[in-house]
Novice: 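Supplied in structure tokens, the structure appears directly below.
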There are 2 protein chains.
Amino acid sequence: MPESSAPAHRKRADARRNMETLLDVAAAAFLTGGVHVPVREIAAQAGVGVGTYYRHFPTRADLVIAVYRHQIEACAEAGPRLLAGSDTAHAALASWIDLFVDFLITKHGLAEALRSDDATFQTLHAYFLERLVPVCADLLTAAASAGEVRADVTAYELMRGVGNLCIGANSDTGYDARRLVSLLIGGLRQQ
Amino acid sequence: MPESSAPAHRKRADARRNMETLLDVAAAAFLTGGVHVPVREIAAQAGVGVGTYYRHFPTRADLVIAVYRHQIEACAEAGPRLLAGSDTAHAALASWIDLFVDFLITKHGLAEALRSDDATFQTLHAYFLERLVPVCADLLTAAASAGEVRADVTAYELMRGVGNLCIGANSDTGYDARRLVSLLIGGLRQQ
DNA sequence: CGCTAAACGGAACGTCGTTCCGTATGGTGG
DNA sequence: CCACCATACGGAACGACGTTCCGTTTAGCG
């Protein structure tokens, strides 16, 4: 059985095709127009109706997650590796945050969406937090128990802060999110 | 001539009345619904048509500025005062940033709007930057020339960073913008 | 080959920002 | 006191958008 994990029942071939086309089109559209490109635009470029769009991705969060899942997983998996391979836990934390920032600032409107209180993005928040906060927490507690950073900041708060600093990082020459994040991480140090 | 500074030609009484009603209604609506409350809602609560709304405040930025102008001016004017009355320039900078943060986090959606690339908010960005960046720059250069903070961060960048950290600060009980901002300001210190 | 569940397409609805023009009215000169 | 008109008003109308819904098509199986 060389098929992927689809135990219950297969999807129709056209359904699978349309879903993959939508994913490809969305990935391209996100690059140029950000994660808020109109539904009709994506559907039209994929050659499907809006009904098909919504059937495959009921909320914009579902589409965004599907497009970026691989990169987010890669970022999450890099955490333990960095912790094992760095001189200090603080260095590992800084490196990992850099990875996260690099990911975020290249995605038009993603950092904004993570802060949006729009109900259609709730799943997106949840996924990011579920996947990345534990990784960050491990790095943070390692650095804290080594006495390298202060212990009164939670991983959740740190992630939110770093994410916030990435908002508007593209489309604003004159604003260097990386520099501000490194300032923030520096401020985390135990003096 | 006991009238305020209206040299050219007076406005009609109903026009002035409607504008003030709109301002009052908007101030109240911003408190509960944020700066994105629908135009129709504000107009209806003020008992005017949407045409009247747009005549007085062509863009949302105009309305937001009109509502918050006093507070922004007060913040701007506090800068030099704090610089004169503080022990160190860094302390003055920190105090002033606190004022700014206190202002921002109590305004639903304002920090988000400052980062929005929506054309209707352009005037808002411009006003904030025009009014506050110079004040911040004075504090920052004072601290930098005293050797208290690093000199490779611009006032613009710092303001943007602090503003970003205030996004979503209300409506998120696990996120303390003040703490993260103080971390950032701490990271600014010359070690 | 025919049948049916699965999937499709896009018209239609509600919300919102914004524009526009026919109507009403405040203030002034006679 | 009145008539006039610049000023201001109101809300219908338009376009963009997210979302829903249902009549139609089609893939896959027996």
Novice: Tell me which one of D152(A), L183(A), L184(A) satisfies side chain to side chain contact (heavy atoms under 4.5 Å, CB included) with L183(B).
Specialist: L184(A)

Novice: Using a strict cut-off of less than 4.0 Å between a Lys/Arg side-chain nitrogen and an Asp/Glu carboxylate oxygen, indicate whether E148(A) and R189(A) qualify as a salt bridge.
Specialist: no

Novice: Give every donor-acceptor pair under 3.5 Å between a side-chain atom in residues 139-146 of chain A and any protein atom, sequence neighbours left out.
Specialist:
unit_1	atom_1	unit_2	atom_2	d
T141(A)	OG1	A137(A)	O	2.9
T141(A)	OG1	D138(A)	O	3.2
S145(A)	OG	T141(A)	O	2.7
S145(A)	OG	A142(A)	O	3.2

Novice: Going by an N to O cut-off under 4.0 Å, is there a salt bridge joining E112(B) and R115(A)?
Specialist: no

Novice: With respect to F128(B), which candidate in T123(B), I72(B), V133(B) satisfies the side chain to side chain contact (heavy atoms under 4.5 Å, CB included) definition?
Specialist: I72(B)

Novice: Assign each of A15(A) and D118(B) to its nearest nucleotide of DNA chain C by heavy atoms, then name whichever residue's nucleotide is nearer the 5' end.
Specialist: A15(A)

Novice: Do N18(A) and Y53(A) get their side chains close enough for a donor-acceptor pair, meaning under 3.5 Å?
Specialist: no

Novice: Flag the pair E73(A) and R131(A) as a salt bridge only when some basic side-chain nitrogen lies within less than 4.0 angstrom of an acidic carboxylate oxygen.
Specialist: yes

Novice: If I take atom CG in residue L63(A) and atom C1' in nucleotide dT19(D), what distance separates them, rounded to the nearest angstrom?
Specialist: 15 Å

Novice: Examine dC9(D): is either OP1 or OP2 under 4.0 Å from a nitrogen or oxygen in the side chain of N18(B)? Give yes or no.
Specialist: yes

Novice: OP1 or OP2 of dA7(C) versus the side-chain N and O atoms of T52(A): is any pair under 4.0 Å?
Specialist: no

Novice: Would you mind reading off the distance between R16(B) atom CZ and dA8(D) atom C1', rounded to a whole angstrom?
Specialist: 14 Å

Novice: To the nearest angstrom, how far is F57(A) atom CZ from dG18(D) atom P?
Specialist: 16 Å

Novice: Salt bridge check, E20(B) against R16(B): does any charged N sit closer than 4.0 Å to a carboxylate O?
Specialist: yes

Novice: When every nucleotide of nucleotides 21-26 of chain C is labelled 5' to 3' by its protein contacts under 4.0 Å (heavy atoms), B for base, S for sugar-phosphate only, - for none, what sequence of letters results?
Specialist: ----BS

Novice: Between Y156(B) and D172(A), is there a side-chain donor-acceptor contact under 3.5 Å, judged purely by atom types and distance?
Specialist: yes

Novice: Going by number, which of residues 19-29 of chain B have a non-hydrogen atom under 4.0 Å from DNA chain C?
Specialist: none

Novice: Would you mind writing out the side-chain donor-acceptor pairs for residues 98-109 of chain A within the sub-3.5 Å range, not counting sequence neighbours?
Specialist:
unit_1	atom_1	unit_2	atom_2	d
D102(A)	OD1	R178(A)	NH1	2.3
T106(A)	OG1	D102(A)	O	3.1
T106(A)	OG1	F103(A)	O	2.9
K107(A)	NZ	Q71(A)	OE1	3.4
K107(A)	NZ	F103(A)	O	3.0

Novice: Pair up each side-chain donor or acceptor in residues 30-50 of chain A with any protein partner under 3.5 Å, not counting sequence neighbours, and list the distances.
Specialist:
unit_1	atom_1	unit_2	atom_2	d
T32(A)	OG1	A29(A)	O	3.3

Novice: Tell me: CZ of F121(A) to C1' of dG18(D), nearest whole Å?
Specialist: 12 Å

Novice: Contacts to DNA chain D from residues 31-48 of chain A, heavy-atom cutoff under 4.0 Å, which residues?
Specialist: P38(A), V39(A), R40(A)

Novice: Over how many whole Å does the gap from K11(A) atom NZ to dC29(D) atom P extend?
Specialist: 16 Å

Novice: From OH of Y54(A) over to P of dA11(C), roughly how many Å is that when rounded to an integer?
Specialist: 16 Å

